[in-house]
Amino acid sequence: MSAALSIQQLSKTYGNGFVALKNISFEVQKGDFFALLGPNGAGKSTTLGIVSSLVNATSGKVEIFGHDLAEDMTAAKKFLGVVPQEFNFNAFETVYNIVRTQAGFYGMAGTLADQRSEHYLTKLGLWDKRDTPARMLSGGMKRRLMIARALVHEPKLLILDEPTAGVDIELRRSMWDFLQQINAAGTTIILTTHYLEEAEFLCKNIAIIDQGAIVQNTSIKALLQQLDSESFILDIAENLQVAPDVSDYQISLKDQHCLLVEVKKGQSLNNLFVQLEAQNISVLSMRNKSNRLEEMFISMVEKNLEAKSEQ
Amino acid sequence: MNSKELSIALYTIVRREVRRFTRIWPQTLLPPAITMTLYFIIFGNLIGSRIGQMGGFSYMEFIVPGLIMMSVITNSYSNVVSSFYSAKFQRNVEEMLVSPMPNWIILTGYIIGGMARGIIVGFIVTLLSLFFSDLQLYSLTTIIVVTLLTSILFATGGFINAMLANSFDDVSIVPTFILTPLTYLGGVFYSISLLPEFWQGVSQLNPILYMVSTFRYGILGSSDINIYTSLAVIVFFTVSLFAIALRMLNAGKGIRT
């Protein structure tokens, strides 16, 4: 059974000599919700650009549902929908025409194209704006417009390059719900994002790319299990001047009402609370210092950077 | 894509192109009508009456076919160069590049859009010329064939220009420094038989001369150049430019990194 996306030995060197991708290989299985993460300039957009036929690969092979993008481009592209990072529609065109025209590019006939355009614009809350020129939309609406446009031909593989960048929290949550719905309905989704809680919340599998190479390709669950420790912030009732002395835990005072505790992998939190209670310190609330995936990501990228500087 | 899907994709591009230039008609259809009316009044009526006969016809009769062809050339070219460059600039060209449409459909769609504007403007100028001259139609077939080929040729030229352009300045360089001089030197306002023999030879290197002369033959039945030679030259340039444009598009010149 062929994967939704198969990338084999893909490399890209730009005209100015910059090596953006160094023989990367990975697969995304059918039905997956896959995160492609990496710092700025790591090669994420180049990879997705090649898959979207917007960037010429230097070498390597891309297959979409078993169709070679170089040799069977038309068949491969039919399966693919792309939501790019930058707005790439005619700003003077109306919302409806942008989506309806895209349907035409896929050879979709009149009534079906009309129905699909209405369906996806309604789903994404843009039907009331159908006659509005795209330039008049808010940033969030423009992002939703690009999603509606990418879905109008009902692709089996949807690529979203930072779809929630600059989108407010409420809208981001509703977009997450929508993406989970279409994933549950069978669409394979590849997501790049700088919001790592987004990747942790939505995605099943992950590839981390750094300096043009894949440094990790596994499930989110397996990746998080690699975390050696987690940092928690405890809000406390008392006014402390120095950090309490708690054995087995590394603890510091963040401010007078706030403690920062590092908990090692496999270490129980019960003992921590017992020791704090014994010192008459009441914990009011507790939260992660940062997103777990974010901690993992930062440590991984830092390690990669150190390894490069040592070479 | 099957043939039905290909025809829908082609129709989508053509419809969008035609809608674009008709929506902004004060910028696309009105200016050439005003410019050509001024040419008819100034060159045809005021100056032309003092020039007398040109190539056996009144000066007004002589310049009308040239001015119609000049309108077709300019508008076919500028429609495609501005539309495709704008699509590059706003990045909505990516909408087409990610789709399964083959490149030849994209190219053909833009060419038909350019032809539509060139032919519509040509028709408007033809109607305006009726206020100044009695138009003959010596060979309707020649008129149709040369108009179609010329509009295809210059729409394709506009597409190549747009692919190579990196700024809006690049879009205007070719029309200003190449197209306009070649058009003026292509026998629109004079018969090349008036030129010394050497310059007649040089003029024959100008492809626009063949189009203007053939179109004039279709209307007046008289041409500076052999009609079959002209058609062969036009077909050669049209096929060559189409092949170059398609090759550039396949390579992603100016649109893919």
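Worth knowing before you read on, the calculation uses all heavy atoms, side chains too, and leaves out hydrogens, waters and symmetry mates. In what follows, chains carry the letters A, B, and so on, assigned in the order in which the sequence lines appear, proteins first and then strands, with residues in each chain numbered from 1.
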Could you tell me which of B:Ile255, B:Val93, B:Ile8 has the largest number of non-hydrogen atom pairs under 4.5 Å with chain A?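 Ranked by heavy-atom pairs under 4.5 Å with chain A, first place is B:Ile8.
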Specify which of B:Thr257, B:Leu10, B:Ile106, B:Ile13 makes the most heavy-atom pairs with chain A at under 4.5 Å.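 Option with the top pair count is B:Thr257.
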Test item: B:Lys4 side-chain N/O and A:Gly107 main-chain N/O as donor-acceptor pair under 3.5 Å: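 Checking the backbone N and O of A:Gly107 against the side chain of B:Lys4, no donor-acceptor pair under 3.5 Å is found.
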Can you check whether B:Glu95's main-chain N or O pairs, donor with acceptor, with A:Gln102's side chain at less than 3.5 Å?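 Yes.
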To check you understand the geometry: which heavy-atom pair defines the closest contact between [X] and [Y], and what is its length?
| X | Y | result |
| --- | --- | --- |
| B:Thr12 | A:Gly104 | OG1-CA, 3.3 Å |
| B:Gln90 | A:Asn90 | NE2-OD1, 3.1 Å |
| A:Thr101 | B:Arg16 | CG2-CD, 4.1 Å |

Quick check: do [X] and [Y] have side-chain heavy atoms less than 4.5 Å from each other?
| X | Y | value |
| --- | --- | --- |
| B:Val98 | A:Phe105 | no |
| B:Arg91 | A:Phe89 | no |
| A:Lys78 | B:Glu5 | yes |
| B:Asn92 | A:Asn88 | no |

Just how far is it from atom CZ of B:Arg256 to atom OG of A:Ser53, taken to the nearest 0.5 Å?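 Those atoms lie 6.5 Å apart.
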Assess whether atom [atom1] of [X] is packed by more than 12 heavy atoms of other residues, nucleotides or ligands within 6.0 Å.
| X | atom1 | answer |
| --- | --- | --- |
| B:Arg247 | CZ | no |
| A:Lys156 | NZ | no |
| B:Phe168 | CZ | yes |
| A:Lys129 | NZ | no |
| B:Phe89 | CZ | no |

Does any heavy atom of chain B fall under 4.5 Å from the side chain of [X], the backbone, both, or neither of them?
| X | value |
| --- | --- |
| A:Ala109 | both |
| A:Tyr14 | side chain |
| A:Leu54 | both |

Closest-packed option against chain B by number of heavy-atom pairs under 4.5 Å, given A:Asn56, A:Ile98, A:Val55, A:Val51: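 The residue among A:Asn56, A:Ile98, A:Val55, A:Val51 with the greatest pair count is A:Asn56.
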Closest-packed option against chain B by number of heavy-atom pairs under 4.5 Å, given A:Lys12, A:Arg149, A:His153: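 Heavy-atom pair counts peak at A:Arg149.
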Please look at B:Arg20 and chain A and tell me whether the side chain, the backbone, both or neither of the residue comes under 4.5 angstrom of a heavy atom of that chain.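 For B:Arg20, there is no contact with chain A at all, as no heavy atom is under 4.5 Å.
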Let me know if B:Ala251 has heavy atoms under 4.5 Å from chain A in its side chain, its backbone, both or neither.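 The backbone, not the side chain.
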Is any side-chain N of the basic residue among A:Glu93 and B:Arg19 closer than 4.0 Å to the acidic one's carboxylate O?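 Salt bridge flag = yes for B:Arg19 with A:Glu93.
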